[in-house]
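This report refers to the structure that appears directly beneath it.
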Number of protein chains: 2
Amino acid sequence: MRAEALKGHLDGLLLAALEDGPQHGYAVKEALRDATDGKIDLPTGTVYPALHRLEQAGLIKGSWSVVGGRRRRTYELTEKGRRSLAGARDHWQEFAAVMSAALGGGPWPVTN
Amino acid sequence: MRAEALKGHLDGLLLAALEDGPQHGYAVKEALRDATDGKIDLPTGTVYPALHRLEQAGLIKGSWSVVGGRRRRTYELTEKGRRSLAGARDHWQEFAAVMSAALGGGPWPVTN
DNA sequence: TCGCTATAGGTAGCAATCCTACATATAGGA
DNA sequence: TCCTATATGTAGGATTGCTACCTATAGCGA
């Protein structure tokens with residue numbers, strides 16, 4: 001998976017990973033990796049700053065805890081985050097449709 | 001259309017616009033706009049540097065001409081460019097599938 | 001003639017984003 | 001004791017698309 005491909009689409013993925021309940025950063029990273037057959041395996045230097053950004057923007061809310069002697073920061077979606085996730089899904093649909101139209105080679109070949 | 005969404009996907013679009021024959025930069029910009037219902041309306045400050053990048057990379061080849069008193073730089077795909085376009089389509093397919101899987105909300109709702 | 005728009009090309013510098021590389025710390029197995 | 005997995009974090013770099021600006025011609029309307 002080319003690195004630049006993800007640019008601008010990461011926030012939605014992180015929000016989606018938090019949709020089914022609060023998670024800490026490392027778990028989000030693993031959830032995304034497992035959901036995509038390992039194709040999206042984000043480095044921690046991507047995940048943590050991105051989560052900080054989302055928290056800064058008020059889309060998620062974090063809280064510290066200690067589990068098994070390790071400190072954890074658990075994040076959960078805010079109402080704003082839920083709306084943002086819905087928007088991200090809409091935007092993705094539109095973007096994917098437009099890209100497929102402009103890139104050509106059939107609208108939705110889905111050869112995999 | 002969110003601006004950052006395009007990042008990393010522009011090159012493929014430009015190559016696709018040149019697939020059916022040589023075009024000059026301004027025509028590429030218009031072709032992309034028309035093919036997407038105006039949803040991808042690139043500023044010239046995006047198109048020209050991107051074409052320069054593609055030429056630098058050997059994916060397209062440009063040549064000057066004068067039409068109607070205006071100088072034009074006409075670009076055409078190289079063999080390398082054709083291969084790159086095919087690769088871009090494959091990558092897009094994979095990326096779209098992975099994104100849809102991770103973003104959730106159904107695999108291909110295509111509500112538009 | 002003057003001004004505006006469309007066509008056609010271009011650059012400089014900014015902002016955003018993701019990555020690499022590194023640092024810290026605990027738990028547990030070899 | 002060392003290594004790996006878990007868990008979080010930062011600094012700095014590279015890439016990329018955009019904003020804002022510049023130059024120039026053709027053609028139309030006032």
Side-chain angles (χ1 to χ4, degrees), chain A residues 1-15 17 22-34 39-57 59-60 62-75 88 91 95 98-99 102, chain B residues 1-15 17 22-34 38-57 59-60 62-75 88 95 98-99 102:
Chain A
M1 179 79 66
R2 284 173 59 255
E4 319 92 49
L6 206 55
K7 288 213 177 181
H9 302 284
L10 177 60
D11 292 7
L13 295 179
L14 296 176
L15 294 175
Q23 295 289 344
H24 59 286
Y26 199 85
V28 166
K29 169 182 149 69
E30 290 193 307
L32 229 39
R33 191 192 57 200
D34 294 347
K39 280 163 192 157
I40 296 184
D41 194 1
L42 302 169
T44 66
T46 293
V47 175
Y48 293 116
L51 289 172
H52 298 164
R53 221 192 313 134
L54 293 176
E55 188 173 24
Q56 197 75 22
L59 304 183
I60 60 178
S63 60
W64 286 107
S65 61
V66 175
V67 178
R70 291 194 199 86
R71 63 183 193 136
R72 270 188 188 169
R73 188 150 182 86
T74 301
Y75 294 100
H91 288 141
F95 175 68
V98 165
M99 269 296 294
Chain B
M1 178 80 66
R2 284 174 60 256
E4 319 91 50
L6 206 55
K7 289 214 175 179
H9 303 284
L10 177 60
D11 292 6
L13 295 180
L14 296 176
L15 294 175
Q23 296 287 346
H24 58 285
Y26 199 84
V28 166
K29 168 183 150 65
E30 291 193 306
L32 228 41
R33 192 193 54 199
D34 295 347
K39 279 163 193 158
I40 296 185
D41 194 1
L42 302 169
T44 66
T46 294
V47 175
Y48 294 117
L51 289 171
H52 299 165
R53 222 192 313 132
L54 293 176
E55 187 173 25
Q56 196 76 21
L59 304 182
I60 61 179
S63 60
W64 285 107
S65 61
V66 176
V67 178
R70 291 195 198 85
R71 62 183 194 139
R72 272 190 186 165
R73 187 150 182 87
T74 302
Y75 294 100
F95 175 68
V98 165
M99 269 297 292

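First the proteins, then the strands, lettered A, B, ... as listed; each starts at 1. No hydrogens, no waters, no symmetry mates; every other heavy atom, side chains included, goes into these values.
- In this structure, His9(B) and Phe95(B) have tilted ring planes: the angle between them lies in the 30° to 60° band.
- One finds a side-chain N or O of Arg53(A) lying less than 4.0 angstrom from the OP1 or OP2 phosphate oxygen of dC18(C).
- Using a 4.0 Å heavy-atom criterion, one finds that Gly45(B) contacts the bases of the nucleic acid, with or without backbone contacts as well.
- Taking for each of Gly68(A) and Val47(A) the nucleotide of DNA chain C with the nearest heavy atom, the 5'-most of the two is the partner of Val47(A).
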- [ ] List the steps and the verdict of side chain to side chain contact (heavy atoms under 4.5 Å, CB included) for Leu42(B) and Val28(B).
- [x] CA-CA 10 Å; Leu42(B) 302 169; Val28(B) 166; over 6 Å; no

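- Between the CZ atom of Arg72(A) and the C1' atom of dA5(D) there is a distance of 13 Å, given to the nearest Å.
- For the pair Leu42(A) CG and dA21(C) P, the interatomic distance rounds to 17 Å; values are reported in whole Å.
- For Leu14(A) and dT17(C), the CG to P distance is 12 Å, given to the nearest whole Å.
- For His52(B), whose side chain is taken as the heavy atoms from C-beta onward, the closest listed nucleotide among dG9(D), dT11(C), dC18(C) is dT11(C).
- Relative to the side chain of Thr44(A), the nucleotides dT10(D), dG9(D), dA8(C) differ in distance, and dG9(D) lies closest.
- If you measure from atom CZ of Arg71(B) to atom C1' of dT7(C), you get 13 Å, rounded to the nearest angstrom.
- The side chain of Tyr26(B) lies closest to dA6(C) when the candidates are dG9(D), dA6(C), dG10(C).
- Here the nucleotide nearest the side chain of Tyr48(A), chosen from dT19(D), dT7(C), dT8(D), is dT8(D).
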Task: Full working for side chain to side chain contact (heavy atoms under 4.5 Å, CB included) between Arg72(B) and Trp64(B) - done: CA-CA 6 Å; Arg72(B) 272 190 186 165; Trp64(B) 285 107; 5.7 Å; no

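- Counting atom types as modelled, Arg70(B) pairs a side-chain N or O with a base atom of dT7(C) as donor and acceptor under 3.5 Å.
- Taking atom CG of residue Leu54(A) and atom P of nucleotide dT8(D), one finds them 15 Å apart after rounding to whole Å.
- Using modelled atom types, one side-chain atom of Glu55(B) and one backbone atom of Gly62(B) make a donor-acceptor pair closer than 3.5 Å.
- You won't find any donor-acceptor pair under 3.5 Å spanning the side chain of Lys7(A) and the base of dT16(D), going by distance alone.
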